[in-house]
Structures are given as structure tokens and as C-alpha cells.
Amino acid sequence: EEAMAGVRKTIDPTNEEFEALSKNFREISKQSAVSANELAQIAGVAGQLGIRGVQNITKFTDTISKLVVATNLTAEQAALDMATFAGIMDEPIANVDKLASSLVHLGNTSRTSESKILDFATRISGAGKLIGFTSDQILGLAAGFASVGLEAQLRAIIKTVAADKP
């Protein structure tokens, strides 16, 4: 109840939308290790970051709940960083599941964690987008450089290239 009040506050849904979200979160929680309260908290973050619509909020919340189970990310960190990264990269929320899949794959195949990849990718996304990199390219660069401890060097390279771009 309290968590759903936060959802109501951040997204200002109609009664029908609120009921649909509540029902969707109960259904998701039956198939997930994430509680309905945590789902509502994820949805509240989504609302704070401008995600709107029952379908978008449900998909975002479901994807983040799966990401929390599969990775070392907390619900709040995953929701904030994924929404921020998608926003900077102009990725539609409909693609958040693809971004999450890429992140999990990179975490499983590199020598770094998903939390480090996503944190670093979010920090370099603005400059990377300016240069013309895609979301997957930025995630891949973040994983590669974080795996060998060269995050600062990549940030410097991207800033230099972005500064030279007309």
C-alpha cells in the first residue's frame, strides 16, 4: 500500500491505470523473487524519471526486477541507472529489456560486474552518444575498459574525440 502510494504520487495515474499497475505488479511478483512492494518502488523510480504509461512502466518494472535477480545490482540502482542510460541514449523504454540482456551478457562474459558496467556506461553515455556510439557499443566499451581497470582512460578518450567533433 505505502509503496503503491509512491507510484500514485510520481506518475499521477488515473484510477484505471493505478488498478492495472497494481494488478500487473501482483502478477509479476508471483513469477519473481522480487516482492510487489519492491516492484512498486521500481515503478516509483520510473515515474520520477519520466516514464509514463501502464505498458511502459510495467515493462520497465518487470525488466528491472529480472535484472535484480540476475545481477549484483540493487533495485534502486538498476532502475535509476537503466532509466538514466536509456534517457541519455534516447532509447525507447520498449528497448529496456534488450539493454538489460546486453548488460547481463557482458557481465557474464567479462571480468567485471554488471553494476560497474552500467555505472560506467551511464557516466560516458552523453559523450558516447555525441560521438555517435550506440547503446550496445557504449555498454561493450564500458565492460571492456572496466574489465582491465581503464575506466579513466576511456573517459579521457571519449571526451577528446567529442571535443574534436564538429
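The figures here come from the full heavy-atom set of this structure, side chains too, leaving out hydrogens, waters and symmetry mates. Bear in mind the structure is a predicted one, so any value in this text is a computation, not a measurement.
- Here S101 pairs with nothing under the side chain to side chain contact (heavy atoms under 4.5 Å, CB included) rule; sequence neighbours left out.
- No donor-acceptor distance shorter than 3.5 angstrom exists from the side chain of R111 to the backbone of V148, with no hydrogens or angles considered.
- Within the structure, salt bridge (Lys or Arg N to Asp or Glu O under 4.0 Å) contacts touching residues 26-47 (residues at least two apart or in different chains) are E27-K30.
- A36 is linked by a side chain to side chain contact (heavy atoms under 4.5 Å, CB included) to S29, counting only residues two or more places apart in sequence or in another chain.
- For D97, the side chain to side chain contact (heavy atoms under 4.5 Å, CB included) partners are K59, T63, not counting sequence neighbours.
- Residues passing the side chain to side chain donor-acceptor pair (under 3.5 Å) test with T122: none are found, sequence neighbours excluded.
- With sequence neighbours excluded, the residues forming a salt bridge (Lys or Arg N to Asp or Glu O under 4.0 Å) with D62 are K66, listed by chain and number.
- Residues forming a salt bridge (Lys or Arg N to Asp or Glu O under 4.0 Å) with E76 (at least two apart in sequence, or on another chain): none.
- In this structure the side chain of E114 never reaches within 4.5 angstrom of the side chain of L118, judged on heavy atoms.
- Scanning for salt bridge (Lys or Arg N to Asp or Glu O under 4.0 Å) contacts around D136 gives an empty result, with sequence neighbours left out.
- Looking at residues two or more places apart in sequence or on another chain, you find a side chain to side chain contact (heavy atoms under 4.5 Å, CB included) between A83 and L49, I51, F60.
- Listed by chain and number, the residues in a side chain to side chain donor-acceptor pair (under 3.5 Å) with T134 are Q137 (sequence neighbours excluded).
- Under the side chain to side chain donor-acceptor pair (under 3.5 Å) criterion, N56 pairs with no residue at all, not counting sequence neighbours.
- Residues meeting the side chain to side chain donor-acceptor pair (under 3.5 Å) test with N108, sequence neighbours left out: none.
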